[in-house]
Undergrad: 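My questions will all concern the structure given below.
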Amino acid sequence: QVQLVESGGGLVQAGGSLRLSCTASGDTFSSYALGWFRQAPGKEREFVTVIRWNVGTGYYADSVKGRFTISRDNAKNTVYLQMNSLKPEDTAVYYCAAATLWSTEARTYGYWGQGTQVTVSS
């Protein structure tokens, strides 16, 4: 019932920046949480950051604190992930997801985007 579409991935040099976007459509709610997760080949899907749709600020995994920023534009039904000081370890497919409860666990999210590839070269 909720559709999520990511964009903005690509190839970037270490130390560079990218901004990912996630646009929601369909039956969007004002009270659910929006999160970003990432998954590298052979690894489990990893929590990156989460924000509540209407209130609050982002909560971040230790690995991205100080480098990544999540933000939202409610009028556009869009959340963003600004990624600065990128490192090769950040290389992964990045997914946005929506949940009815605030959570850092991927299994609790009911709606997922298709993913966008981020590759950071050294």
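These numbers come from the heavy atoms of this one structure, side chains and all, not from hydrogens, waters or symmetry mates.
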Undergrad: Please report the shortest heavy-atom distance between Ala40 and Ala92, naming the atom on each side.
TA: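 Looking at all heavy atoms of both residues, the closest pair is N-CB, 3.8 Å.
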
Undergrad: The criterion is salt bridge (charged side-chain N to carboxylate O under 4.0 Å, His left out); which residues satisfy it with Arg19, sequence neighbours excluded?
TA: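 Salt bridge (charged side-chain N to carboxylate O under 4.0 Å, His left out) list for Arg19, sorted by chain: empty.
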
Undergrad: What is the minimum heavy-atom distance between Leu4 and Ala24, and which atoms define it?
TA: CD2-CB, 3.6 Å

Undergrad: Of all heavy-atom pairs between Gly9 and Thr116, which one has the smallest distance, and what is that distance?
TA: N-OG1, 3.2 Å

Undergrad: Do Arg67 and Met83 come close enough that some side-chain heavy atom pair is under 4.5 Å?
TA: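 No, their side chains stay 4.5 Å or more apart.
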
Undergrad: With side chains defined as the heavy atoms from C-beta onward, is the minimum distance between Trp102 and Thr104 less than 4.5 Å?
TA: yes

Undergrad: For Gln114, does its backbone N or O pair with a side-chain atom of Glu6 as donor and acceptor, under 3.5 Å?
TA: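 The answer is yes, because a donor-acceptor pair under 3.5 Å joins these two groups.
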
Undergrad: Can a side-chain donor-acceptor contact be found between Thr23 and Thr78 if the only test is distance below 3.5 angstrom?
TA: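 The criterion, which ignores hydrogens and geometry beyond distance, is satisfied for Thr23 and Thr78.
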
Undergrad: For Tyr60 versus Phe47, what's the shortest heavy-atom pair and its separation?
TA: C-CE2, 4.0 Å

Undergrad: Just so I know, are the side chains of Ser63 and Glu46 near enough to count as touching, which here means a heavy-atom distance under 4.5 Å?
TA: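 With C-beta onward as the side chain, the pair touches.
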
Undergrad: Tell me, which pairs form a ring pair (Phe, Tyr, Trp, His ring centres under 6.0 Å) where one or both residues lie in residues 74-100, sequence neighbours left out?
TA: none

Undergrad: Give the cluster check for Val79 versus Val50: same hydrophobic cluster or not, with ILVMFWY residues linked at side-chain heavy-atom distances below 4.5 Å.
TA: no

Undergrad: Let me confirm one number: the CD-CG distance from Gln117 to Leu11, rounded to the nearest 0.5 Å.
TA: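 The distance works out to 9.5 Å.
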
Undergrad: By the disulfide bond (SG atoms under 2.5 Å apart) test, which pairs, at least two apart or in different chains, include something from residues 51-93?
TA: none

Undergrad: To the nearest 0.5 angstrom, please state how far the CD1 atom of Ile70 sits from the CD atom of Gln82.
TA: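 Those atoms lie 12.0 Å apart.
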
Undergrad: Hey, could you give me the CZ/SG distance between Arg72 and Cys22, rounded to the nearest 0.5 Å?
TA: 14.0 Å

Undergrad: Show the nearest heavy-atom pair for residues Ser85 and Ser17, with the distance to one decimal.
TA: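 Closest approach of Ser85 to Ser17: N-OG, 4.3 Å.
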
Undergrad: Which residue in the set Thr49, Thr69, Leu18, Val64 passes side-chain contact (heavy atoms from CB on, under 4.5 Å) when paired with Leu81?
TA: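 Among Thr49, Thr69, Leu18, Val64, the one that satisfies the side-chain contact (heavy atoms from CB on, under 4.5 Å) with Leu81 is Thr49.
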
Undergrad: Would you check if the distance from the ring center of Trp36 to the ring center of Phe68 is below 6.0 Å?
TA: no

